[in-house]
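Reviewing the structure listed below.
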Amino acid sequence: VQLQASGGGLVQAGTSRRLSCVVSGLSFSSYPMGWFRQTPEKGREFVASISANGDTTFYTNSVKARFTISRDNAEHTVFLQMNTLKPEDTAVYYCAAIVIWKIGSRWDVASEYRFWGQGTQVTVSS
C-alpha cells in the first residue's frame with residue numbers, strides 16, 4: 001500500500017492551497033481517509049476525515065469553514081482544499097487510510113489509521 005501526498009509549498013496568509021493524496025494497493029473506495037498535520041510544538045493532530053463514499057466528513061474546529069476534504073474514488077485520490085490559510089496552519093500534512101474502526105468513530109484518532117503517506121510541507125507566511 002502506498003499513499004503519495006503532494007501539493008504542499010510556501011504560500012501567503014489568506015491564500016488557498018489544495019493537497020492531493022493518491023492511494024495504490026488498497027481497495028480505496030472501501031475505507032475512510034484522513035488528513036493529519038504535524039509540528040514540533042503540537043505533534044500530530046487531526047485535520048479532517050471522510051467516509052468511504054464521501055458523504056460524511058469531520059473537521060477539527062480550527063479548520064472548519066476553511067478546509068474541505070473530498071475524494072475521487074475513481075482516481076483513488078483524496079483531497080484537502082485549504083482556504084484562507086493562516087500562519088498557524090504551517091505544518092507537515094499527512095494523508096492516511098483507516099481499515100478497521102470502531103462504530104461511531106469520527107476517524108479522528110491517529111492510532112486508528114493503518115497506512116500513512118510521506119507528508120507534504122505547507123508553510124504559510126504572514
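Note that the structure is a prediction, hence the values are computed from the model and not measured.
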Specify the closest pair of heavy atoms between [X] and [Y], including all atoms of both residues, with the distance to one decimal.
X: R37; Y: F67; value: NH1-CE2, 4.1 Å
X: Y59; Y: T68; value: OH-CA, 3.3 Å
X: I50; Y: I69; value: CG2-CD1, 3.7 Å
X: I98; Y: I100; value: CG1-O, 3.5 Å
X: A97; Y: L3; value: N-CD2, 3.9 Å
X: L19; Y: G8; value: CD2-N, 3.6 Å

Please check if the number of heavy atoms outside E88 that lie under 6.0 Å from its CD is greater than 12. yes
Side-chain heavy-atom pair [X], [Y] within 4.5 angstrom cut-off:
X: P87; Y: S126; answer: yes
X: S6; Y: S20; answer: yes
X: M82; Y: D89; answer: no
X: Q118; Y: Q4; answer: yes
X: L26; Y: Q2; answer: no
X: F46; Y: V109; answer: no

Kindly assign one of parallel, tilted or perpendicular to the pair F36 and Y113, based on the angle between their ring planes and the thresholds 30° and 60°. perpendicular
Take N83 and S16 through the test side chain to side chain donor-acceptor pair (under 3.5 Å) and record every step on the way to the result. CA-CA 4 Å; N83 298 330; S16 299; 2.9 Å; yes
Say whether, by atom type as modelled, one donor and one acceptor occur between the side chain of [X] and the main chain of [Y] under 3.5 angstrom.
X: T90; Y: S125; answer: no
X: R44; Y: A110; answer: no
X: N73; Y: A52; answer: yes
X: T77; Y: V23; answer: no

Indicate, with yes or no, if L10 and Y93 share a hydrophobic cluster defined by side-chain heavy-atom contacts under 4.5 Å among Ile, Leu, Val, Met, Phe, Trp and Tyr. no
Would F115 end up clustered with W35 when hydrophobic side chains under 4.5 Å apart are linked, directly or stepwise? yes
Could you give me the CA-CA distance, side-chain angles and deciding distance for S51 and W107, then say whether side chain to side chain contact (heavy atoms under 4.5 Å, CB included) is met? CA-CA 9 Å; S51 60; W107 315 302; 3.5 Å; yes
Let's go through K86 and R66 carefully: what are the C-alpha distance in whole Å and the side-chain angles of both, what is the deciding distance for side chain to side chain contact (heavy atoms under 4.5 Å, CB included) to 0.1 Å, and is it a yes or a no? CA-CA 10 Å; K86 303 177 181 179; R66 297 191 299 124; 3.8 Å; yes
Hey, are E112 and S105 close enough side-chain-wise for a donor-acceptor pair under 3.5 Å? yes
Could you walk me through whether Q12 and V124 satisfy the side chain to side chain contact (heavy atoms under 4.5 Å, CB included) test, starting with their C-alpha distance in whole Å, then the side-chain angles of each, then the deciding distance to 0.1 Å, before giving a yes or no? CA-CA 5 Å; Q12 289 191 330; V124 184; over 6 Å; no
Between R71 and F79, is NZ or CZ placed under 6.0 angstrom from the six-membered ring centre and within 45° of the ring axis? no
Ring of W101, cation from R114 - is the NZ or CZ under 6.0 Å from the centre and inside 45° of the axis? no
If I take atom CD from residue E45 and atom OG1 from residue T60, how far apart are they, to the nearest 0.5 angstrom? 6.0 Å
To the closest 0.5 Å, what do you measure between OG (S49) and CG (D108)? 6.5 Å
Starting from the C-alpha separation in whole Å, work towards a yes-or-no answer on side chain to side chain contact (heavy atoms under 4.5 Å, CB included) for T120 and V92. CA-CA 5 Å; T120 185; V92 178; over 6 Å; no
